[in-house]
Amino acid sequence: MPTATEIILIGGSAGSYTLIAELLEQLPSYFQAAICIVLHRNRQYDTQIEKSLSRKLRRNILSAVDKMDICMNHVYFAPAGYHLLVEPDFTFSLDGSEHINYSRPSIDVLFETAAQIYKDKCTAFLLSGANSDGARGLHVVEEYGGKIIIQDPNQAPIQTMPLAGQRETINPEIWNDSQIISFFNKLN
Amino acid sequence: MAGIKNTILIEFEELEEIIYLLQNISEVDLSGYSKSSLKRRVERFLQVEKMDLVDLKNAIVNVKDFHNYFIQELVVNVTEMFRDPQFFVSLKKNVIPYLKTYPQIRIWSAGCSTGEEAYSTTILLNETNILDRSFIYGTDISPKALEIARKGVYSLNKIKSYTENYLQTSPTSDFSSHYTAMYDAAIINKEYRSKVLFSTHNLVSDHAFNEFQLIMCRNVMIYFDKDLQKRVLKLFYDSLSLFGFLCLGSKESLYAHEIKDNFKVIDKKYNIYQKIK
Ligand SMILES: C[S@@+](CC[C@H](N)C(=O)[O-])C[C@H]1O[C@@H](n2cnc3c(N)ncnc32)[C@H](O)[C@@H]1O
């Protein structure tokens, strides 16, 4: 599969899992971009989410592997316990450095590094969560010309993360859940 | 260099300039490190030291030994005792029985950071009654980390989380029997400390220095690009005796490397390999 020239990022924490599962379910069988997700989760859960989603959606949902090419039409999760970064040669790298915002993987780290490589070919979503990880990264995506979308805080089970996202950015789009889902449904 | 709301970001070209400067004035060669990961480390360094790129370049060129300090701050030293407890369970089950057949067992913990991995291994060797026949070489690029490793002193906070890891390895002894607590820290028992020799070794530029039955290099190669990974794997291959074992970190595998044909997979999940030719 060719390297993806467009990337869609999703960052979520507490309260975001249901929406993520739902929007992945809406994906068409083929799309151009690569989708990369950082979901804060307990290290013990390891790769269970990828496995159960793969089974349910009958498509390969992968844990990103160090030095793996970022391919179009693929969905990747950051593995538990590691930061996920995008490298200039359009591969992933993993990194076990300090937690950022008490999180590893940190949404900021993925957003920041992806923004600098994919620039205006980067779209980032920040969803429900109880901390402020991802807000700064979202702003970096914006600064590098990418598109940023925040889940409507009124619809997010936990508002802290979307609100922090709004505070840190200049011009985010605020979408409700059905807008978000339909975006993924209409990908091509 | 750009500043976005208190965040320092440098450009990749700027990173290359720093790598180039370091290469020219010292033996430090960072050109094979993963670029985005390294870039974040440099940005963090600038933030912590309150420096900008001009300051940094000046310091690299003009301040004696600055580059040594700089690189120690760039590398990621995060480690734990019994990190990935199930790896140590697998080591005990799949590797130790082989090691037992050797009269002398030499082990290399490459990129050992502050020593936790090496000491965990000595405890495992003790529990399986082969510590007296074993010797571990712990090496790292960072003298600062090695200094801590040699002392074998860790804060009680850390010991607490190491104990949790240890309990998951179905141990045959109490973790507290392996160290002596003092005030707010604990020192690893002398019987373990005397079995490890810590010294500097740079995986990028230094050569093989012995032959080993077991090499562990965990959570080091994720910081290297594929070419450098390949070179380092060759160094490990050359440093292993036939039927010796290579253990990589839980996110590091031989899968994408040609050299895998010379190894047998012993544990796919925890990346334990045996050199077979
Ligand atoms: C994250 S620590 C891994 C510690 C331990 N192996 C573990 O898995 O917990 C990575 C170590 O690799 C060392 N390192 C980085 N580059 C190196 C090089 N070129 N040669 C030797 N060690 C290096 C760093 O100094 C750091 O201590």
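Proteins get letters first, then strands, A, B, ... in listed order; numbering begins at 1 in each.
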Is there a donor in the side chain of [X] and an acceptor in the side chain of [Y], or the other way round, less than 3.5 Å apart?
{"X": "B:Asp29", "Y": "B:Ser31", "result": "yes"}
{"X": "A:Gln116", "Y": "B:Lys39", "result": "yes"}
{"X": "B:Lys35", "Y": "A:Ser93", "result": "no"}
{"X": "A:Tyr82", "Y": "B:Ser250", "result": "yes"}

Run through A:Arg55, A:Arg41, A:Lys56 and flag the one making a salt bridge (Lys or Arg N to Asp or Glu O under 4.0 Å) with A:Glu50.
A:Arg41
Going by the angle between their ring planes, with limits at 30° and 60°, are [X] and [Y] parallel, tilted or perpendicular?
{"X": "A:Trp175", "Y": "A:Phe183", "result": "tilted"}
{"X": "A:Phe184", "Y": "A:Phe125", "result": "tilted"}
{"X": "B:Tyr237", "Y": "B:Phe263", "result": "perpendicular"}

Are B:Lys93 and B:Asp267 within salt-bridge range, i.e. N to O under 4.0 Å?
no
In terms of heavy-atom proximity below 4.5 Å to chain B, should [X] be classed as side chain, backbone, both, or neither?
{"X": "A:Ser97", "result": "both"}
{"X": "A:Glu112", "result": "side chain"}
{"X": "A:Leu84", "result": "neither"}
{"X": "A:Leu94", "result": "both"}

Proximal to chain A - members of residues 157-167 of chain B, heavy-atom separation under 4.5 Å:
none
Using only non-hydrogen atoms and a strict under-4.5 angstrom cutoff, which residues of residues 223-230 of chain B touch chain A?
B:Tyr223, B:Phe224, B:Asp225, B:Lys226, B:Gln229
Between B:Tyr119 and B:Phe198, is the ring centre distance below 6.0 Å?
yes
Would you check if the distance from the ring center of B:Phe88 to the ring center of B:Tyr270 is below 6.0 Å?
no
Over all heavy atoms of both residues, which pair between A:Pro153 and A:Gln166 is shortest? Give the atoms and the distance, please.
CG-OE1, 3.4 Å
If we define contacts as heavy-atom pairs under 4.5 Å, which of B:Gly249, B:Ser34, B:Ala256 has the most with chain A?
B:Ser34
Among A:Thr91, A:Val109, A:Asp89, who wins on heavy-atom pairs under 4.5 Å with chain B?
A:Val109
